[in-house]
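For reference, the structure is listed below as structure tokens.
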Amino acid sequence: YYHAGLTDDLAAALRSQEIARYERILLLGYSLGGNMILRYLAGDPDPRVRAAATVCSPIDLKQCARALDRPRGVFYRHHVLNGLKEIYRNVAKHRDVPVPLREAARIDSIEHWDERIIAPRHGFAGAEDYWAKTSACHVLDQIRTPTLFIAAERDPMVLIDSVRPWLQNATTLRRIVTSQGGHVGFPRNV
């Protein structure tokens with residue numbers, strides 16, 4: 001099971017034999033994948049990566065988790081947690097996991113999931129440490145690769161107020177914020 005800052009996975013994929021022949025690579029990341037791409041680009045990206053785009057990316061993981069954990073985020077929180085729990089169950093079929101399945105199944109908040117499941121597995125001191133070290137918002141000014149950041153004013157999972165303050169200072173990113181759309185879904189006329 002992954003976390004939002006696993007740039008090593010992306011770097012390994014880019015080094016793979018399967019794509020070694022490509023001279024130019026374009027990256028596209030949705031939601032948490034976009035946060036991971038932004039973190040990767042802020043480091044020492046493969047020189048073949050010529051451009052990137054992210055769609056509805058939660059670049060401030062703390063703000064996003066807290067928003068999903070509020071009562072109005074219940075539908076989306078359940079959806080996200082159900083997917084994470086399914087991944088966790090599948091991993092448990094093949095190897096030991098740090099938290100028993102029954103206990104993991106009872107987790108009902110993103111913060112608690114990050115605290116009990118993600119942080120211990122990946123060496124973070126806790127959810128706050130995980131969020132601070134993997135949120136792309138802290139490294140946007142280090143990105144030199146041409147990058148497009150797409151967000152939606154009405155995204156119910158990545159609230160625009162958690163993104164906008166960071167984008168104001170991200171002068172290296174091209175930004176598009178639509179007035180319509182939701183989380184990684186946009187009407188045709190946008």
Report summary line: Correct closest heavy-atom pair for Q142 and A42 would be OE1-O, 3.5 Å
Query - Test item: K85 side-chain N/O and I107 main-chain N/O as donor-acceptor pair under 3.5 Å - result: yes
Report task. With sequence neighbours left out, write down each residue that passes ring-ring contact (aromatic ring centres under 6.0 Å, His included) with F149, or none if nothing qualifies. Result -> none
**Report entry** Set of ring-ring contact (aromatic ring centres under 6.0 Å, His included) partners for H183, sequence neighbours left out
**Finding:** none
Query raised in the report: Taking it one step at a time, do D46 and R48 satisfy salt bridge (Lys or Arg N to Asp or Glu O under 4.0 Å)?
Result: CA-CA 5 Å; D46 185 312; R48 297 175 300 155; 2.9 Å; yes
**Report entry** Interatomic spacing from CG in L27 to CD1 in I25 - rounded to 0.5 Å
**Finding:** 7.0 Å
Query raised in the report: Can R66 and E128 be said to form a salt bridge (Lys or Arg N to Asp or Glu O under 4.0 Å), step by step?
Result: CA-CA 11 Å; R66 296 273 161 85; E128 294 270 348; 2.8 Å; yes
Query raised in the report: When you look at CZ of R154, are more than 12 heavy atoms from neighbouring residues, nucleotides or ligands closer to it than 6.0 Å?
Result: no
Query raised in the report: If we only count heavy atoms from C-beta on, is the V163 to D155 side-chain gap below 4.5 Å?
Result: no
Query raised in the report: Is it the case that one hydrophobic cluster holds both F186 and L28, taking links as side-chain heavy atoms less than 4.5 Å apart, direct or via other members?
Result: yes
Query raised in the report: Does the side chain of T145 come within less than 4.5 Å of R50's, by heavy atoms?
Result: no
Report task. For V184 and S31, work out which heavy atoms get closest and say how close. Result -> CG1-N, 4.3 Å
Query raised in the report: So, for V91 and V97, which heavy atoms are closest and what is the spacing to 0.1 Å?
Result: CG1-CG1, 4.0 Å
**Report entry** Enclosure of D44 CG (heavy-atom neighbours >12, cutoff 6.0 Å)
**Finding:** no
Query raised in the report: Atom OG1 in T147, atom CG in L41: separation rounded to 0.5 Å?
Result: 5.0 Å
Requested in this report: Examine M36 and W166 and state if one hydrophobic cluster contains both, with Ile, Leu, Val, Met, Phe, Trp and Tyr joined whenever side-chain heavy atoms are less than 4.5 Å apart.
Outcome: yes
Requested in this report: Grab the two heavy atoms, one from V158 and one from C56, that are nearest each other, plus how far apart they are.
Outcome: CG2-O, 3.5 Å
**Report entry** Donor-acceptor contact present, side-chain S109 to main-chain H112, <3.5 Å
**Finding:** yes
Query - Polar side-chain atom of R175 near backbone of A170 as donor-acceptor pair, under 3.5 Å - result: yes
Report summary line: Value for CG (L38) from NE2 (H138), rounded to nearest 0.5 Å, stands at 13.0 Å
Query raised in the report: Can any side-chain N or O of D60 pair as donor or acceptor with the backbone N or O of C137 at less than 3.5 Å?
Result: no
Query raised in the report: Applying the 4.5 Å side-chain criterion to the ILVMFWY set and letting contacts propagate, would L81 and V99 be lumped into a single cluster?
Result: yes
Query raised in the report: Which pair of non-hydrogen atoms, one from T7 and one from Y40, has the smallest distance, and what is that distance?
Result: CG2-N, 3.4 Å
Report task. Would you sort out whether D108 and W113 count as a side-chain contact (heavy atoms from CB on, under 4.5 Å), showing the intermediate values? Result -> CA-CA 8 Å; D108 63 355; W113 182 266; over 6 Å; no
Query raised in the report: Could you state the interatomic distance from CG (L84) to CD1 (I87), rounded to the nearest 0.5 Å?
Result: 5.5 Å
Query raised in the report: Would you find a donor on one side and an acceptor on the other, under 3.5 Å apart, between the side chain of R77 and the backbone of R70?
Result: yes
Report task. State yes or no: do V55 and L148 share one hydrophobic cluster built from I, L, V, M, F, W and Y residues joined by side-chain heavy-atom distances below 4.5 Å, directly or via other members? Result -> yes
Query raised in the report: Is a donor on one side and an acceptor on the other found under 3.5 Å between the side chain of N35 and the backbone of S135?
Result: no
Report summary line: Residues I110 and A65: closest non-hydrogen pair is CG2-CB, 3.7 Å
**Report entry** Side-chain (T172) to main-chain (I143) donor-acceptor, under 3.5 angstrom
**Finding:** yes
Requested in this report: Could you tell me how the ring of H122 sits relative to the ring of F124: parallel (under 30°), tilted (30 to 60°) or perpendicular (over 60°)?
Outcome: tilted
Requested in this report: Spell out, as yes or no, whether a donor-acceptor pair under 3.5 Å connects the side chain of S57 to the backbone of T54.
Outcome: no
Query raised in the report: With distance as the sole test, does Y88 use its side chain to make a donor-acceptor pair with the main-chain N or O of I117 at under 3.5 Å?
Result: no
Query raised in the report: How long is the span from the CD1 atom in I160 to the OG atom in S179, to the nearest 0.5 Å?
Result: 11.0 Å
Query raised in the report: Are Y22 and I37 connected, step by step, through hydrophobic side chains (Ile, Leu, Val, Met, Phe, Trp, Tyr) whose heavy atoms are closer than 4.5 Å?
Result: yes
Requested in this report: Might you work through the side-chain contact (heavy atoms from CB on, under 4.5 Å) test for L10 and L14, ending with a clear yes or no?
Outcome: CA-CA 6 Å; L10 177 56; L14 293 172; 4.2 Å; yes
Report summary line: The reported gap from CG in D114 to NZ in K62 (rounded to nearest 0.5 angstrom) is 12.5 Å
Requested in this report: Walk me through it: do E153 and R164 pass the test side-chain contact (heavy atoms from CB on, under 4.5 Å)?
Outcome: CA-CA 10 Å; E153 289 276 348; R164 187 168 285 145; 2.3 Å; yes
Query raised in the report: So do Q63 and W131 actually touch side chain to side chain, heavy atoms under 4.5 Å?
Result: no
Report task. Apply salt bridge (Lys or Arg N to Asp or Glu O under 4.0 Å) to R116 and E103, showing your working. Result -> CA-CA 10 Å; R116 295 286 294 130; E103 185 180 337; 2.4 Å; yes
Query raised in the report: Looking only at atom types and distance, does a side-chain atom of T178 sit under 3.5 Å from a main-chain N or O of Q180, one as donor and one as acceptor?
Result: yes
